[in-house]
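Worksheet: the structure to be examined is printed underneath.
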Amino acid sequence: MEDMEKFLFKFKGYYFNRSSLDIGFIENLDNFEIRENDVFIVTYPKSGTIWFQQLSLIYSEEHRKGTGKRETMDRVPFFEYKTPEMDFEERPSPCLFSTHLPYYLVPSGLKNKKVKIIYVYRNPKDVMCSYFHFAKNVISQFTGTFEEFMKQFLEGRVMGSLWFDHIKGWYEHRSLFNIQFMMYEEMKKDPRGSVLKICKFLEKGLSDEDMDAVVRQAIFENMKDDPLANYDSIIATVFGPNAKGHFLRKGTIGDWKNHLTVEQNERFDKIFQREMKDFPLEFIWDMNED
Ligand SMILES: Nc1ncnc2c1ncn2[C@@H]1O[C@H](COP(=O)(O)OS(=O)(=O)O)[C@@H](OP(=O)(O)O)[C@H]1O
C-alpha cells in the first residue's frame, strides 16, 4: 500500500500537502499582513471548500453575469498553497482566501475580530469517503483499501490532520475570531437560505436577481460543467501526470452508506461520540434528515 504520509509535510503538528508548498511562507504565516476586509473560508479538506469558494460570486458582478474570465482558484486563492506567481500584496480588496489551516496556524492578524471567517463543516463520514476517492482516484496518493484509509483518517495521518482536532479547535477558539459556522448539508438542502446567511454575515446585500444567479451557479451540476469553477484544469499541474478525475465527484449527503460496513460504522460512531461529546454544533448524516 502506498502510504500517504510521504506526500505530506508536518509543521507544528499539522500535515500539509508537500507538493507545491512554499516552506518559507509556511514558516512565516503568523506575520502575514492581514487587511481588515479580507475574508477567509476555512475548511477541513473535502468539506465543501470549492463550493463555498464559488460564493465569491457574491462579490463579482461580472462572474455573476457570466462575462468574468478568472478561475475560482485565482479569485479565491488557497492561502497556504500560495505559488510564486501569486502576489498577495498586490491583491485587490476585498480579498477572499480559502484555507485548511487549523486555528493555531493562521496569521495572528486574523484575531483582530474584524476579518470575516466562514468555517464550513460537513459530516465526517462523508468527508472521509470523499477524501478516500480523492486520495485514491484523483491524486493517486493512496493505493490501499477503504479500511486502511479509514484507519489513516481516524489517526489524522492525512493532509489536514485529525478532523476532530480541526473542527473542535476552531469552535473552541471562536471567541478570538469573527467567525460564522456554516454546514455543507444545510447549503445542500437550502442553498438560498445559506447564501442569504452568508450575505448577511459579509454585510453584502444582493438583489433577488443577483441572489438567483449566485444560487444557480453554485448548484453542483452547474459548477461541474463550469471550467472556471470545477478545478479540472489544475489536477494534472498540481498533483502530477497520474492525477485524474474530478474535485466535483457526487456532491451528495450520505454517500458514506455506500462505503462503510456495519462494523466500520459502529466503530466510527463510537469514536465520534467519544471525541464530540458535548460539542454543540449539529450534523446531518442523511439527505432525509431535518
Ligand atoms: N456545488 C456543490 N454541491 C455539493 N457538493 C459539492 C459542490 N461543489 C463541490 N462539492 C463537493 O465537495 C467535495 C470536495 O470538497 P472540497 O472542495 O473541500 O475539496 S478540497 O479540500 O478543496 O480538495 C466533493 O464531495 P464528494 O462529491 O462527496 O466527493 C465535491 O463533490
Side-chain angles (χ1 to χ4, degrees), residues 4 7-8 14-17 19-20 40-57 71-73 75-81 96-102 118-142 146 149 153 158-161 163 166-167 182-192 194-195 198 213-235 238-239 243-260 284-287:
M4 272 182 89
F7 296 100
L8 304 176
Y14 176 79
Y15 279 123
F16 294 86
N17 191 48
S19 76
S20 72
F40 275 72
I41 298 169
V42 181
T43 52
Y44 183 86
K46 315 322 290 179
S47 301
T49 323
I50 297 170
W51 194 6
F52 281 72
Q53 282 178 318
Q54 177 75 339
L55 299 180
S56 61
L57 289 168
E71 294 191 36
T72 319
M73 76 211 63
R75 281 183 283 146
V76 193
F78 243 106
F79 183 61
E80 63 271 34
Y81 296 104
L96 278 71
F97 290 108
S98 63
T99 179
H100 293 320
L101 286 172
I118 298 171
Y119 186 97
V120 184
Y121 66 101
R122 181 183 191 186
N123 90 59
K125 291 180 193 171
D126 280 338
V127 169
M128 179 172 72
C129 296
S130 175
Y131 211 151
F132 170 69
H133 284 286
F134 187 70
K136 193 172 170 97
N137 303 322
V138 180
I139 58 176
S140 305
Q141 291 188 355
F142 184 79
F146 182 75
F149 186 81
F153 180 83
V158 290
M159 175 182 70
S161 295
W163 179 87
H166 199 275
I167 187 165
M182 297 290 305
M183 199 206 273
Y184 174 104
E185 291 79 4
E186 261 175 23
M187 174 79 170
K188 184 85 193 170
K189 283 167 175 266
D190 178 13
R192 200 180 174 89
S194 293
V195 174
I198 292 168
V214 174
V215 171
R216 190 176 56 249
Q217 290 179 55
I219 286 172
F220 182 83
E221 289 71 21
N222 294 341
M223 274 182 64
K224 199 168 166 56
D225 288 343
D226 179 354
L228 298 181
N230 63 19
Y231 269 65
D232 282 358
S233 67
I234 65 150
I235 289 190
V238 173
F239 298 106
K244 56 194 179 313
H246 308 281
F247 277 78
L248 276 84
R249 187 182 61 96
K250 268 188 163 180
T252 55
I253 306 175
D255 192 35
W256 60 270
K257 291 182 183 165
N258 301 317
H259 293 78
L260 275 74
I284 292 183
W285 306 93
D286 191 299
M287 191 60 191

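All ligand and atom numbering here is 1-based and tracks the order in the structure. Please read all numbers here as calculations on a predicted model, not as lab measurements.
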* Parallel, tilted or perpendicular, as decided by the 30° and 60° cut-offs, for the rings of F153 and Y44 ->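 Judged by the thresholds at 30° and 60°, the geometry between Y44 and F153 is perpendicular.
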With backbone taken as N, CA, C and O and side chain as the heavy atoms from C-beta onward, which portion of [X] lies under 4.0 Å from ligand 1: side chain, backbone, both, or neither?
X: Y184; value: side chain
X: A218; value: backbone
X: P45; value: both
X: M223; value: side chain
X: H133; value: neither

Between [X] and ligand 1, does any nitrogen or oxygen pair lie at a separation below 3.5 Å?
X: F134; value: no
X: W51; value: yes
X: D126; value: no

For [atom], grab the closest protein heavy atom and report residue, atom and distance to one decimal in Å.
atom: atom 28 (O) of ligand 1; result: R122 NH2, 3.0 Å
atom: atom 9 (C) of ligand 1; result: L248 CG, 3.8 Å
atom: atom 26 (P) of ligand 1; result: S130 OG, 3.4 Å
atom: atom 31 (O) of ligand 1; result: R249 N, 3.1 Å
atom: atom 30 (C) of ligand 1; result: F247 O, 3.4 Å
atom: atom 20 (S) of ligand 1; result: K46 NZ, 3.7 Å

* Residue pair Y231, H246: steps toward the ring pair (Phe, Tyr, Trp, His ring centres under 6.0 Å) verdict -> CA-CA 8 Å; Y231 269 65; H246 308 281; over 10 Å; no
Please could you name the atoms of ligand 1 that [X] approaches to less than 4.0 Å, counting only its heavy atoms?
X: I50; value: 17 (O), 22 (O)
X: H100; value: 21 (O)
X: T49; value: 16 (P), 17 (O), 18 (O), 20 (S), 21 (O), 22 (O)

* Asked: For the side-chain hydrogen bond (donor to acceptor under 3.5 Å, both in side chains) test, which of R122, K189, K46 pairs with Y184?
  ->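 The passing option is R122.
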* Asked: With a 4.5 Å heavy-atom cut-off, do M287 and K188 have their side chains touching?
  ->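 Counting from C-beta outward, M287 and K188 do come under 4.5 Å.
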* Asked: Would you say the side chain of M223 lies within less than 4.5 Å of the side chain of N230, judging by non-hydrogen atoms?
  -> no
* Give a yes or no on whether the backbone of D190 and the side-chain of S194 come within a donor-acceptor separation of less than 3.5 Å. => yes
* Decide yes or no on ring pair (Phe, Tyr, Trp, His ring centres under 6.0 Å) for H133 and F247, but give the supporting numbers first. => CA-CA 10 Å; H133 284 286; F247 277 78; over 10 Å; no
* **N-O pairing of D255 and R249 below 4.0 Å** => yes
* Structure fact -> Of all heavy-atom pairs linking I284 and N123, the shortest is O-ND2, 3.0 Å
* Distance under 6.0 Å and angle within 45° of ring axis: K136 vs F149 -> no
